[in-house]
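The structure appears right after this line, and notes come after that.
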Amino acid sequence: MDLTLRYDAPAEEWVEALPIGNGRLGAMVFGRTATERVQFNEDTVWAGGPHDYAHEGAAAHLPEIRRLLREGKQREAEELALRESMSVPLGQMPYQPVGDLWLDFGHEDVTGYERTLDLQQALTRVSYSVGGVRWTREAFATAPGRAIVMRIASDTPGAVCFTARLDSPHADTHVDASDAGLLTFTGRVDEGVTRFEARVLVEAEGGRAVAAGDGIRVEGADAVVLRLTCASSARSYKDAAADPTARCSADAATASGRPYNALREEHIADHRAYFDRVTLDLGSSRAAEAATDRRLKAFEDGDDPELAAQFFQFGRYLMIAGSRPGTEPLNLQGIWNESQKPPWDSKYTTNINAEMNYWPVETTNLAECHEPLFDLIRDVSETGARVARAHYDCDGWVLHHNTDMWRGAAPINASNHGIWPTGGAWLCQHLWERYVFSGDQAFLADTAYPLMKGAAEFFVGFLVEDEDTGWLISTPSNSPEIGGLVAGPTMDHQIIRDLFANCIAASETLAMDAEFRSTLVDMRRRIAPNQIGKHGQLQEWLEDKDDPEEEHRHVSHLWGLHPGCEITPRGTPDVCAAAKQSLTFRGDGGTGWSKAWKINFWARFEDGDHAYRMLASLIATGTYPNMFDAHPPFQIDGNFGATAGMAEMLLQSHAGEISLLPALPSAWPTGGVRGLRARGGFDVDIAWEGGRLEEARLTSRLGGACRLRAPGDVDASCDGVDVETTRHDDGAWEFETEVGRVIVVRPRG
Ligand code: FUC
């Protein structure tokens with residue numbers, strides 16, 4: 001399986017450059033020949049500073065806003081809410097670039113140009129010839145080495161000469177170059193308090209590296225190694241007063257003094273320890289040698305299953321490069337951003353985007369990469385507790401549709417879509433899923449349940465009884481980002497039901513909070529149910545007012561289908577059919593993330609060909625040349641949503657059973673996947689041929705009963721001995737498993 005992206009020209013645009021990252025530092029490598037550009041980020045460098053965004057006194061207006069909505073006075077309700085119950089200030093802060101490393105080579109008219117990104121080794125390379133000399137550059141971002149490292153070499157001894165420079169878009173930045181080959185730059189973000197420092201150590205093999213003005217001039221070298229480290233003053237959402245120089249020099253000490261090859265080998269081993277856990281083979285492609293950008297464009301018309309497998313692995317690559325224990329979670333652009341005014345501030349949008357970023361972590365076996373999101377949830381449970389009190393006079397904590405480095409939790413932008421109180425509850429699903437995939441009781445007791453409980457406590461106070469129906473509803477709120485401020489959007493009720501169900505299960509498992517549990521059981525039954533409307537659709541709102549012509553990119557009321565689990569083809573066939581009708585009305589269009597979500601929806605409808613159509617359309621029309629998702633503009637969620645969706649086509653486990661090949665498209669008749677993870681603690685390998693299951697191997701990490709759905713009749717064995725299986729009325733199989741043992745499942749006969 002070829003896991004290399006290939007290009008035959010340097011990047012002109014930023015979205016043609018190739019991303020590398022070590023979780024905290026991200027860089028875009030352009031591969032230019034006259035002046036190479038390496039644009040870099042550090043994940044804590046944001047505008048603004050520690051700030052409490054809660055609007056004191058907002059809660060006093062809540063009864064009036066609810067009354068206006070009840071009386072159908074939406075505009076008045078929105079106006080009052082905008083005046084009295086929004087975040088202070090109304091917006092949050094943008095993620096910032098740190099700077100650029102420029103390398104002046106002056107190479108023009110090059111021949112034999114090649115530029116690659118090797119996803120398995122996490123290395124980007126450039127090579128070309130000029131004036132009879134062959135040049136190669138290789139770069140990577142190492143997590144254990146805490147640096148971005150580049151080696152520049154030629155095939156002619158003593159030929160390497162260039163000047164290295166650093167600059168930053170932030171005005172208050174000072175650059176210093178020393179004869180020891182050290183470039184240093186210190187600065188402060190233009191609109192904020194965070195300070196940063198970056199260092200580039202230029203180490204020449206042969207020749208010399210000396211200060212030349214603001215840069216370092218290399219002459220007569222055989223090869224050169226650059227080590228870039230960068231740190232900021234932001235330690236947490238509460239503290240931006242650390243010393244960036246001390247932090248940066250500690251990182252520089254880790255990265256320097258070690259030979260290039262040692263750093264490189266350590267980096268590759270570290271990356272592969274994550275990456276190699278999952279392999280995916282969807283068949284080989286005739287186009288395999290062609291440039292990646294051309295293959296992307298041709299995807300819809302061609303037969304290029306290898307590119308689809310690369311696209312899947314690219315999402316995993318980005319996850320490993322962008323989210324590691326102890327780093328900030330992936331924002332709208334992951335960690336890669338060149339603009340001081342990025343689209344939607346490159347922050348965390350929690351009405352789909354931030355969660356979508358983390359959809360593939362558990363299923364594609366990168367569980368550690370989930371941790372930064374859990375840290376963020378802990379932070380917003382603190383800031384969100386102040387918002388719960390100030391805006392709603394409720395216990396617990398609440399997060400609306402955005403947060404930033406400073407963990408703003410109050411409603412931002414506008415009352416018609418900013419007032420949406422279920423962002424935190426949605427994030428809590430990730431805590432529960434971590435538990436369900438891992439069975440980690442300590443995580444459930446110490447991390448997940450306390451945060452989930454706080455989120456549920458908020459809704460115990462927030463839900464109100466609808467006068468007409470007697471149901472408990474969420475008001476004021478919004479069905480993201482359509483239809484304005486309303487009472488009782490369907491999505492909220494699905495999310496709150498899920499949160500309550502997970503809290504009920506967690507408190508039972510932990511044998512605690514019996515009284516709170518019975519409150520949740522009672523309230524959960526009274527929450528407004530999913531309703532089927534006059535067009536056969538799943539109602540997006542309490543009232544039957546969906547417009548069948550509406551093609552809005554958000555399809556929030558299908559949350560219960562995915563990522564939720566209350567709507568399933570066999571468990572709730574009628575609601576499931578209505579959900580399919582709603583999605584059919586919405587159509588196959590949309591932004592990058594919208595198409596990526598639709599891959600997951602169609603996979604959950606078990607319609608592999610429709611899921612594939614969404615994937616093909618995303619790959620062909622919704623990606624940039626470097627494979628980054630094109631919302632447009634660049635927004636990384638579509639990459640992760642697509643990776644998650646492809647996993648969902650091959651393996652599902654949300655409905656209390658493991659389902660093998662639930663949505664295999666006809667485009668992938670033969671293939672294999674290894675190392676996916678299923679809920680209940682299973683590692684799953686599946687091989688198929690001619691569209692039929694050939695063999696599945698389930699390795700149990702937790703033991704216990706396994707319920708399995710397979711295409712057709714199957715037999716199970718363990719170490720060559722038949723395993724006793726029970727057949728349920730609904731067609732599922734069930735058998736016992738033991739920790740560490742592999743169950744082999746094959747078609748019967
Ligand atoms: C929501 C979406 C947009 C975009 C933005 C970051 O506003 O509707 O499409 O994803 O978040």
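All residue numbers in this chain count up from 1 along the given sequence. We count ligands from 1, going down the list as the structure has it; atoms in each ligand are counted the same way. The basis for the numbers below is simple: all heavy atoms, side chains too, and nothing from hydrogens, waters or symmetry mates.
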Checklist entry - What is the nearest protein non-hydrogen atom to atom 1 (C) of ligand 1, stated with its residue, atom name and distance? => result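 For this ligand atom, the closest protein heavy atom is E481 OE2, 2.8 Å.
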Item to check | Closest to atom 8 (O) of ligand 1 among H401, H554, H631 (heavy-atom distance) | outcome: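 Closest candidate by heavy-atom distance is H554.
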Next on the checklist: Would you say the rings of F601 and H610 are close, in the sense that their centroids are separated by under 6.0 Å?
Outcome noted: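 So the answer is no for these two rings.
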Next on the checklist: Just checking W359 against H562, ring centres under 6.0 Å apart?
Outcome noted: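 Yes.
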Next on the checklist: Any salt bridge linking E328 with R24? Criterion: basic side-chain nitrogen under 4.0 Å from a carboxylate oxygen.
Outcome noted: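 Here E328 does not pair with R24 in a salt bridge, since their nearest N and O are not under 4.0 Å apart.
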Checklist entry - Considering distance alone, does some N or O of N351 sit under 3.5 Å from an N or O of ligand 1? => result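 So ligand 1 has no N or O lying under 3.5 Å from an N or O of N351.
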Checklist entry - Looking only at N/O atoms, are Q635 and ligand 1 under 3.5 Å apart anywhere? => result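 Checking ligand 1 against Q635, an N or O pair does fall under 3.5 Å apart.
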Checklist entry - In ligand 1, which numbered atoms sit nearer than 4.0 Å to a non-hydrogen atom of T349? => result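 In order of numbering, the contacting atoms are 6 (C), 11 (O).
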Item to check | Those atoms of ligand 1 less than 4.0 Å from some heavy atom in L332 | outcome: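 That gives atoms 6 (C) of ligand 1.
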Checklist entry - Does N600 use its side chain to pair, donor to acceptor, with the backbone of A596 at less than 3.5 Å? => result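 Yes; at least one donor-acceptor contact below 3.5 Å.
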Checklist entry - Under the ring pair (Phe, Tyr, Trp, His ring centres under 6.0 Å) test, which residues partner W344, sequence neighbours left out? => result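 So W344 forms a ring pair (Phe, Tyr, Trp, His ring centres under 6.0 Å) with H631.
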Item to check | With sequence neighbours excluded, residues passing side chain to side chain contact (heavy atoms under 4.5 Å, CB included) with A234 | outcome: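 A234: side chain to side chain contact (heavy atoms under 4.5 Å, CB included) contacts with T44, T194, S232, A240, M405, W406.
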Next on the checklist: For N353, which part has a heavy atom under 4.0 Å from ligand 1: side chain, backbone, both, or neither?
Outcome noted: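 The side chain, only.
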Item to check | ligand 1 versus D637: contacting region, heavy-atom distance under 4.0 Å | outcome: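 It is neither part, as no heavy atom is under 4.0 Å.
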